[in-house]
Each structure stands twice: as C-alpha cells, then as structure tokens.
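First comes the structure, then the notes that go with it.
Residue numbers run from 1 in the order of the sequence given. From a predicted model like this one, the values you see are computed outputs, not experimental measurements.
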Amino acid sequence: MSRSPSFAVKQELSLKTDLVSLQQWVVAFCIIRFDLEQGQLIEECYPPGSLSNEEELDVAFSSFPDSVSQNQNRSSIHDCIFFFRIQRRKSSEQRNVNSSETVEIDDKEVSSNSMKEKVINRRKIRNDTKQLKYLYGYVFNRQRHDERLRRGGEQKSVVILSHNPYSSVFRPLLQIMGPLYFDIGKKALEHIAAYVSMWPAPVPGKHMELPIGNALLKVSLPPAHSLSFEIGMFEESASAMAPFLPNNQSIPQGLFHDSDIFGTFRSILLQLWLLWELLLIGEPILIIGPTPPQCCEAVASLVSLVAPLPCSIDFRPYFTIHDPDFKHLNSLREGDTFPPMILGVTNLFFLKALRNIPHIVSVGSPALNSNQVPFASRSAGRIHGRPEGFGLQQLSLKKFSPSSLLSAVKLRRDGPLCLMTEHKEAVWSTYVATTKPDTSILNRLIDAGMLPRVEESMSVVNNEILRRHFLELTTNFLAPFGPYFRATTPSEGSLPFIDPPHLPPFDADEFLANLSARGVGKFLSKRMKSNWLDLYKRFLKGPNFMPWFQRRLTVAEQEQHRLWRQARMKADIKLLISKMPELEIVDYFNAIERHLHGEIQVIAEKYF
C-alpha cells in the first residue's frame, strides 16, 4: 500500500452501519478540537452516546500532544499518530448496551439461520462488553501552523476508540481516516464506520484481510491468550500457550507484535535484558519520550518483549496529568510502594511528581522537521514509514568504546533529572539483572548507516532477530511450569465416563526446590548468572505469574475435558458393558446420563 492511500467509496454498496457489528471492532469514532478558551472539545462522536461525560473528558485530554514538551514544527502541517489506554467509567457501560439494542435489521437481507447466528453473536457481544475495563484510543493528530490564527495555529485529532489493542488494524486505518476527515469532514466517520461494520468478527492469532473502500488492510491480530481475560470472547487452545516455541513465526505471539523494538531502543540495546526482567517480574517503569509517538512505541515494545507471557500489569502508552489515576500516583509519599505500571509520558513534570517510581527509561530524540505521519516498520497490513523523532543515530552496533561507557556512568551519576536540561537516551534503575546481554544477538543486528530506505528495511530484520530471541528467552523461562499443564487421556480399555484426574497441584516452595535440584536448562544457564533462582522467586511473587498460571491452568483443564469427551464419543459402550457385572452397569449408566446432562447444559448456556 502507498504511504498516503487513496480512499473511494464503492458506489455499488449502500452504506449502512450495523452498530452491533461495529462494536466488535470499534466503540466510537471521535473528532476533538483544541479550543484556546475552552480547551479540548469533542466536536463529533459516532455512534452518539457511546461515552459517558467523564469518558469524553478522559479521551479529549489524552488525544493531544503535551504542549509543555512538544517541539514546535514550523512547517504548515504536522501529523502524528499515537495511542493511549484509559480505564472505562462504569456509567458508560450501560450506554453502550442500549445503543447496540436500537439497531434495526433488514429481514430481506438475511436468512433465518444467519439471523439466529447474529442474534446469538449480538447477545454475546453485549454480555462481554459489560465486563471490559480498559479503552484504547488511536489518535491521528494534526497541527496546522498559520500565523494569521491566534497563537499561530490550530489542532485537531481524529480518534478511534476500541476495547481491543489491535494496533496492526487501527494505525493503518487512521492513515486513511485521518486525511479523509480533513478532506470531506464528518461524513468520513460514517463512511469508515459502515465499512468496519461489514468486517467479519475478529479472529485472534490469525491473518485477516479487511476491505476499507478501495483499499485492503492485510493484518495479523494478537493471539487470544494475550488479550484481556475479562473479555472472554475468544476460545483459547492449549497449543497457543504451550511452553515451547511456535513453528510458524509469522503468527503473532503477543500484543504489539509489530512494534519497533530496534528503532525505539537502538541507543540502549544493552539494557533490553534488564528491561525484559523488569517486565517479567512486574516492576513499575516510567518511560519518557520527546513526543507521544515515541513514548507509546516504547511502551508497546516493552510489552511485546515478554511474549508469549501476557502482560498483566497496567500499562499506559501515553499518560497525562489529566488522567484520573494521576491524583493517586501523585499522592504517594516517599517510601510508599509504587503500583506495578508502565507509564509513557512526554511531560518532564512527571520526573518530580512521581519520585517513587524506581525505574526510568528515556527514549527517542527531539522531533525532526517533518510533516509525515510516524510509523514504525510494520507487518504486511501496515503502511510503511518511520516513527516521528526516530532520527538516525550515528551508532555502530559492533563498537562499544570506553568513552560510551564513561558517558553511561556520568548519566547514572547525574540521575534522570538531567533530562530537564537536555534529552538523552538512558535507563536509571538500581535493579541488578540476572540475565546477561546476549552479545551474539547484538552482533547479528545490522547497522544500516545513514540511508533511510536501507535503515527501514534493516530495522525489519533487526526487529525479527530481537523478537525471536526474547520469545525464545521467555518460552524457556516458562518451560519448567509445563508439567502442571499436561493434560491426560484415558488409557486404552479404561472407562472414559469416569471423571478425569486432577492436574498436579502447584506449590511454590516445592516447585523452587525441584527446579533448584534439576537446574534451569542449557539455554538459560548460558544466559543467566548463578542466582537465576532468585528471578523465579520474584516472578512467583510478581503480578504477572498468578493471572498467567490460572489462565494457563484453565486452558489445560479445558483441553483435558476435550480429550476425555472425545474418548467418550469414540467408546464402544456395548463392548465395555459386556465385560461388566450388573451393578457396575447401573453405575456406568448413571455416569453416562450425568455426562449427557452436562452436554445439554453447555449447549443451552452457549446459545440461549
């Protein structure tokens, strides 16, 4: 696809938005204007009534670059794309359900069977959205500089709101929708909404082709196990979460699989293993970038590092002082424990306001003069480009000079407050990592020099190398938990109508003792220090372990139930009964009857 794709409405289609189908992908489309007297104002919200008044304020405040830290670009038009994540307000959930129920269906367009399927799907969507906690906002922001206007310009943002972190879908969609809105106005919202409502339901972990006007988005969705468990919309397979590397590397293994790890952390690549550990054990991290696109790309890249482990801690790709949670975080006193969060910010005020946060990462470089929309190197569905502010650092990946080491020591000594005078890329943390940087991986990375086209294509290669390595690292780290998720099948000749055995119970002390005696395996022993067991202890106590373990256990139990159910369906009941005494036959009949009642109940709960 081209960098600025054209959009044309297909004349043969009658554009009619199915609001319930739309809700599978999008909560609302918003147009937000920055007013010099009244501040951020939502001019349009489609469908109407999708947000509460409180949510409208949250969205509006999160949809503009921070004026304190945003470098002024003197070109006439400056576009940027970023995204945020905010908590939903309870009062808005019922509004979404009510607006969904008002949709009318044309009986002539669908058969009775498809109508039944739609009714079932819509009931499921309404029930699922009641439980959703977070809202993702994908922003196309345009700053137009005009000396004839007050303060020399104006700002507007086009925002896509969704319950799902489908960055591979909504970022390229914004590249179409943003310019289209500035060309034809609010009709763009209705056109895009109509096309999105015609898309098939999202299928996590799969490649999808989504038509939008005369364009086609080829995207890969994150797997079901990486999405919020509270959604409950998608079935998960045991193989998707198994503790071994996937055969098909083109299938995403976690959230933000298309994030630009290399471009974001190019100047601090040696710190990636430290950051991986901090994410693994759920430590709070503050990420500072000069612009929203850079800080949100850094947050997305960090979250993607721990795949296939779902990131259970709260992460905010672009966090502002207007967020309702800021009041609580700002009230923490010295010595108070900072909650496990990843915060991406651009306002340097957070350095003083959030003094209790133990780990600070500074990324990116001040914005260059460009009027291009920022985009990292993406997968097939993306419109390729470069992220705003990711300047080509004159860095040789093969050379680590003594002067660079002295500079790193000086940065650590000065502390993060040195960013108040000059932006530098660095990591400030007192945490001592167990995992050693893998120099063989760093030596495989390609230094592209100063040619933009070559640099972009090489970033794709470098990202694949880094993502593959950390996927392997995380998978090997989780491998010792594998026996707790091993489903059993009935032995040949046994009765499959008895209840299957329980999976092995987990005891942390027993697990650590066995792991200490057995060892961590060749892959990790070469890459970790002798105190590797301490990392497992921290992981077991951290916020990521129990949600992952319980979810993985649930999937294993479902897999075991499936295997035993399959064995019951294939069982030769006549043959089994012929070898039983009469009393056992009665017990066997009761067991079969109980399982049949269970099957009927499952079907009833699914469809009614």
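Side-chain contact check for Leu305 versus Thr474: every heavy-atom pair is 4.5 Å or farther apart. In this structure the side chain of Pro223 never reaches within 4.5 angstrom of the side chain of Pro204, judged on heavy atoms. For the pair Arg538/Lys541, no side-chain contact is recorded, criterion being any heavy-atom separation below 4.5 Å from C-beta on. Annotation: side chain of Tyr431 is in contact with side chain of His359 (closest heavy-atom distance under 4.5 Å). At least one side-chain heavy atom of Pro308 sits under 4.5 Å from a side-chain heavy atom of Leu471. When side chains are defined from C-beta on, Met208 counts as touching Leu221, because their heavy atoms get closer than 4.5 Å. The side-chain heavy atoms of Phe511 and Pro483, taken from C-beta on, include no pair separated by under 4.5 Å. Looking only at side-chain heavy atoms (C-beta outward), Phe315 and Tyr134 stay at 4.5 Å or farther from each other.
Judged by distance alone, with hydrogens and angles left aside, the side-chain atoms of His423 form a donor-acceptor pair with the main-chain N or O of Val363 at under 3.5 Å. Distance alone, capped at 3.5 Å, is enough to place a donor-acceptor pair between the Asn462 side chain and the Ile446 backbone. No side-chain donor-acceptor contact under 3.5 Å links Trp276 to the backbone of Val306. Using modelled atom types, one side-chain atom of Tyr536 and one backbone atom of Phe477 make a donor-acceptor pair closer than 3.5 Å. Asn544 contributes a side-chain N or O that, together with a main-chain N or O of Ser312, makes up a donor-acceptor pair within less than 3.5 Å. Side-chain N or O atoms of Asn531 include none that pairs as donor or acceptor with a backbone N or O of Asp534 at under 3.5 Å. Looking only at distances, a side-chain donor or acceptor of Ser304 sits under 3.5 Å from a matching main-chain atom of Ser301. In terms of modelled atom types and a separation under 3.5 Å, the side chain of Ser168 and the main chain of Ser220 share a donor-acceptor contact. No donor-acceptor pair closer than 3.5 Å links the side chain of Asp323 to the backbone N or O of Phe319. Distance alone, capped at 3.5 Å, is enough to place a donor-acceptor pair between the Lys529 side chain and the Ala433 backbone.
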- Checking side chain to side chain contact (heavy atoms under 4.5 Å, CB included) for the pair Leu478/Phe539: CA distance, chi angles, key distance, verdict? CA-CA 10 Å; Leu478 298 176; Phe539 176 63; 3.9 Å; yes
- List the steps and the verdict of side chain to side chain contact (heavy atoms under 4.5 Å, CB included) for Leu354 and Val345. CA-CA 11 Å; Leu354 306 181; Val345 303; 5.8 Å; no
- Message: Applying side chain to side chain contact (heavy atoms under 4.5 Å, CB included) to Ile360 and Ile288, what does each step give before you reach the verdict?
- Response: CA-CA 8 Å; Ile360 298 177; Ile288 300 177; 4.1 Å; yes
- Task: Check the pair Ile212 / Met177 against side chain to side chain contact (heavy atoms under 4.5 Å, CB included), numbers first and verdict last.
- Result: CA-CA 10 Å; Ile212 188 79; Met177 183 177 178; over 6 Å; no
- Message: Could you go through His469 and Trp273, starting from their C-alpha distance and side-chain angles, then the distance that decides it, and tell me whether this counts as side-chain hydrogen bond (donor to acceptor under 3.5 Å, both in side chains)?
- Response: CA-CA 11 Å; His469 169 73; Trp273 286 264; 3.0 Å; yes
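Taking every heavy atom of both residues into account, Ser226 and Pro310 meet most closely at CA-CB, 4.4 Å. Contact detail for Ile342 and Ile313: the closest heavy-atom pair is CG1-CD1, 3.6 Å. Closest approach of Asn463 and Ile261 over heavy atoms only: OD1-N, 3.0 Å. Closest approach of Ala224 and Arg551 over heavy atoms only: O-NH2, 2.8 Å. Taking each heavy atom of Phe262 and Ser459 in turn, the nearest pair found is CD2-OG, 3.5 Å. The minimum heavy-atom distance between Ile86 and Ser62, with the atom names listed, is CG2-OG, 4.0 Å.
A distance below 6.0 Å separates the ring centres of Trp548 and Phe485. Phe83 has its ring centre less than 6.0 Å from the ring centre of Phe256.
Here the straight-line distance linking atom CD of Gln87 with atom CG of Asp314 works out to 6.0 Å at 0.5 Å rounding. Here the CG-CG distance, from Leu466 to Leu473, works out to 12.0 Å after rounding to the nearest 0.5 Å. One finds the CG atom of Leu540 at 11.5 Å from the CD1 atom of Ile281 (value rounded to the nearest 0.5 Å). To the nearest 0.5 Å, atoms CZ (Phe481) and CZ (Arg486) are separated by 14.0 Å. We find the CD-CG distance between Gln175 and Leu217 to be 10.5 Å, quoted to the nearest 0.5 Å. In this structure, the separation between CD on Glu297 and CD1 on Ile81 is 11.0 Å, given to the nearest 0.5 Å.
A cation-pi arrangement is found for Arg527 relative to Phe523, the charged atom lying closer than 6.0 Å to the ring centre and inside a 45° cone about the ring normal.
Using modelled atom types, one finds a donor on one side chain and an acceptor on the other under 3.5 Å when comparing Gln294 with Thr291. Judged purely by distance below 3.5 Å, without hydrogens or angles, the side chains of Trp532 and Thr435 never pair a donor atom with an acceptor atom. Checking Ser157 against Asn141 by side-chain atom types alone, a donor-acceptor pair falls below 3.5 Å.
Ion pairing between a basic and an acidic side chain is recognised when a charged N comes within 4.0 Å of a carboxylate O; Asp438 and Lys436 show no such pairing. A salt bridge does not link Arg171 to Asp258: none of the charged side-chain nitrogens sits closer than 4.0 Å to a carboxylate oxygen. Ion pairing between Glu464 and Arg467 fails under the 4.0 Å rule for side-chain N and carboxylate O.
Evaluation of the ring pair (Phe, Tyr, Trp, His ring centres under 6.0 Å) rule for Phe265 yields no partner, not counting sequence neighbours. Scored by the side chain to side chain contact (heavy atoms under 4.5 Å, CB included) test, Pro339 finds Leu329, Leu332, Met341 as partners (sequence neighbours excluded). For Ala201, the side chain to side chain contact (heavy atoms under 4.5 Å, CB included) criterion is met by Gln24, not counting sequence neighbours.
Glu425 pairs with exactly one of Ser362, Ser365, Ser267 by the side-chain hydrogen bond (donor to acceptor under 3.5 Å, both in side chains) rule, that one being Ser267. Between Tyr138 and the choices Phe170, Trp25, Tyr166, Phe82, the ring pair (Phe, Tyr, Trp, His ring centres under 6.0 Å) rule is met once, by Phe170.
A perpendicular orientation is assigned to the rings of Phe506 and Tyr484, their planes being inclined by more than 60° (bins at 30° and 60°).
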